[in-house]
Amino acid sequence: MLIGAPCENYPDENRVAMTPQSAQQLAKIGYEAVVESGAGDSAGFSDVEFEEAGARVVASAEELWRDADIVIKVRPPEESELALLRENQILIGFLDPARNPAALEAAAGSGASVIAMEMVPRISRAQKMDALSSMANIAGYRSVIEAGSNFGRFFTGQVTAAGKVSPATVLVIGAGVAGLAAIGAAQALGAVVRAFDVRAEVAEQIESLGAEFLMLDFEEDASGEGGYAAPSSPEFREKQLELFRKHAPEVDVVITTALIPGRDAPELWLDDMVRSMKPGSVVVDLAAEQGGNCTLTVPGEKIVTDNRVTVIGYTDFPSRMASQASSLYATNIFHMIDDMTPENDGVIQLDMEDDVIRNATVAHERNVTYPPPKLVDKSVAAGPAPKIGSSLTHEQRVQEAAAAEVQAIRRTGYWQLALLIAGGFLMFVLGLYAPPSFMQHFIVFALACFVGYQVIWNVNHALHTPLMAITNAISGIIILGALLQLNTGNWLVTGLAAVSVLIAAINIVGGFLVTRRMLNMFQRS
């Protein structure tokens, strides 16, 4: 099948849905790539590079849409592009289905199947296809760069012969993917970073990046579906705005990222907060495309208020890093297509029983299939499923979860008791018939397995990866077993036991040293 990437017609859009590298990856699973001439120029990918990667370059969009079985795009298709869709063709890209019902109807009427990349569910196995997170990561990083270029001072504090420079104070509102990327970038530039999110569970992520989490003294469960925040109650919102008003005169840069897909952006940074900010301060609104979190935001523009506060409402942050954004997005597209090509034969299979494919498909077989059915991530779900129509309070849900955890612990205890009884019975039977020498070695082996497992495996996984936990558990078994064999009196057994202890100890110590180096990468010096 032929996969084509046309030029993006959206104003100031510099990204492209295919790169030379992704064209080569697609060729390995049986697809032929075709690109409209000039599609990658703004992202730094020339037609020559595409041809060298094995892609075919065509002169016009009409030719590409006519020949391609699968068309991949970045921005939602325009009316002229929707008119080019044909029966059994597949379109993949950002569609904004919640706000584009007419486009969905037109696409469904053409007989084409449409996959919206923003509808990829946020579950474990779909992370490699999560284009929203990829673009949000770039937007968060770029927002700090834009803020720095419009902020008239250093981000980091300095002590020089000319005097002392205080570090900039940055407030990030919203700690999703974009917010965390902004926190990391601002922290790396030396700023003092504060962050707020309505979901209390993200506090640990914020603090792990070295930022201060602004705690709001108000009880409300603000966790929504798909990892996003839920809309706040009026009472919660008032407390939230009160907190922002308190910090507005102190901060130099505000980066707002609060956004729920398919909804207008909530207004969180109001006129009076902007007026109370210091002259020269900067507000970067990453939600500008959906109305903006700041009431003064002008989508697509940068304005300066009367008190000299710069409000940036650009809607193309990922496009301002077009090469990087295109590479990440093209990789997300490749993984999506790879997932739909189980035989690696260049033939796509739209499996509507697959949770990821069904969730992302918004038009199929002349029907609009948006919104998708509710999805539960079985790979990360914990505890019993919530009851349909349940109106439990947050405290009741916590109590139910605690009760379920107690039941799980009890079940585990019953299994352990059953295994212990079975093991004891096995030892009794072996003791009746096995020679004493065998029993001695067998008991050593059993104790080494049990004690080694308990000592090493129960180390918190935050201190080492699960894979390292398994290898260290095995090494612990080897060490304990070998220690019990050191005094056997046989020089050969003693020598082999000593070598076993040495090698296993090197494995354990080396593993933890590597982990320590990995952790040091995320600590500020």
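Bear in mind the structure is a predicted one, so any value in this text is a computation, not a measurement. Side-chain atoms are counted along with the backbone in the values below, which use heavy atoms only and exclude waters and symmetry mates.
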As a quick check of understanding, evaluate side-chain contact (heavy atoms from CB on, under 4.5 Å) for E146 and K302, giving each step before the final call. CA-CA 11 Å; E146 293 291 340; K302 177 179 73 174; over 6 Å; no

Would you compute the distance between atom [atom1] of [X] and atom [atom2] of [Y] and round it to the nearest 0.5 angstrom?
{"X": "L296", "Y": "D271", "atom1": "CG", "atom2": "CG", "answer": "4.5 Å"}
{"X": "I312", "Y": "S149", "atom1": "CD1", "atom2": "OG", "answer": "6.0 Å"}
{"X": "R15", "Y": "L328", "atom1": "CZ", "atom2": "CG", "answer": "11.0 Å"}
{"X": "R275", "Y": "N307", "atom1": "CZ", "atom2": "CG", "answer": "8.5 Å"}
{"X": "Q205", "Y": "R199", "atom1": "CD", "atom2": "CZ", "answer": "8.0 Å"}
{"X": "H335", "Y": "Q25", "atom1": "NE2", "atom2": "CD", "answer": "7.0 Å"}

With the side chain counted from C-beta on, respond yes when [X] and [Y] share a heavy-atom pair under 4.5 Å apart, and no when they do not.
{"X": "M277", "Y": "T305", "answer": "no"}
{"X": "W65", "Y": "S80", "answer": "no"}
{"X": "M336", "Y": "I357", "answer": "yes"}
{"X": "I206", "Y": "E212", "answer": "no"}
{"X": "S133", "Y": "Q127", "answer": "no"}
{"X": "Q324", "Y": "Y141", "answer": "no"}
{"X": "M273", "Y": "V254", "answer": "no"}
{"X": "L171", "Y": "W269", "answer": "yes"}

So, the side chain of [X] versus the backbone of [Y]: is there a donor-acceptor pair under 3.5 Å, distance only?
{"X": "S22", "Y": "M18", "result": "no"}
{"X": "D285", "Y": "G313", "result": "no"}
{"X": "D47", "Y": "S37", "result": "no"}
{"X": "N359", "Y": "D355", "result": "no"}
{"X": "E49", "Y": "S46", "result": "yes"}
{"X": "E36", "Y": "C7", "result": "yes"}
{"X": "T361", "Y": "I115", "result": "no"}
{"X": "N100", "Y": "L95", "result": "yes"}
{"X": "S326", "Y": "V16", "result": "yes"}
{"X": "T315", "Y": "G300", "result": "no"}

Is it the case that atom [atom1] in [X] sees more than 12 heavy atoms from other parts of the structure closer than 6.0 Å?
{"X": "E13", "atom1": "CD", "answer": "yes"}
{"X": "F213", "atom1": "CZ", "answer": "yes"}
{"X": "K128", "atom1": "NZ", "answer": "yes"}
{"X": "D12", "atom1": "CG", "answer": "no"}

Using a strict 4.0 Å threshold on nitrogen-to-oxygen distance, state whether R75 and D316 make a salt bridge.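 Looking at D316 together with R75, the answer is no, because their closest N to O distance does not fall below 4.0 Å.
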
Taking the basic N atoms (NZ, or NE/NH1/NH2) and the acidic carboxylate oxygens, is any pair closer than 4.0 Å for R99 and E118?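 E118 and R99: not salt-bridged.
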
For residues N150 and T310, is any side-chain donor paired with an opposing acceptor at under 3.5 Å?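 T310 and N150 do not have a side-chain donor-acceptor pair below 3.5 Å.
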
Evaluate L91 against E81 for side-chain contact (heavy atoms from CB on, under 4.5 Å), listing each step before the verdict. CA-CA 11 Å; L91 173 63; E81 293 174 314; over 6 Å; no

Here's a test for you: under side-chain contact (heavy atoms from CB on, under 4.5 Å), which of D338, I92, I3 qualifies with I333?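 The passing option is I92.
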
Classify the ring geometry of Y314 against F317: parallel below 30°, tilted from 30° to 60°, perpendicular beyond 60°.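 Plane angle between 30° and 60°, so tilted.
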
Can you tell me how the ring of F196 sits relative to the ring of F236, calling it parallel under 30°, perpendicular over 60° and tilted otherwise?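 Tilted.
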
Where is the tightest heavy-atom contact between [X] and [Y], given as atom of each residue plus distance?
{"X": "A195", "Y": "I183", "answer": "CB-CD1, 3.6 Å"}
{"X": "A182", "Y": "V144", "answer": "O-CG2, 3.4 Å"}
{"X": "F154", "Y": "A168", "answer": "O-CB, 3.8 Å"}

Centres of the F334 and Y31 rings: under 6.0 Å?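 Centroid separation for F334 and Y31: 6.0 Å or greater.
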
Does the pair L243 and L214 meet the rule for a side-chain contact (heavy atoms from CB on, under 4.5 Å), with working shown? CA-CA 8 Å; L243 178 69; L214 302 182; 4.0 Å; yes

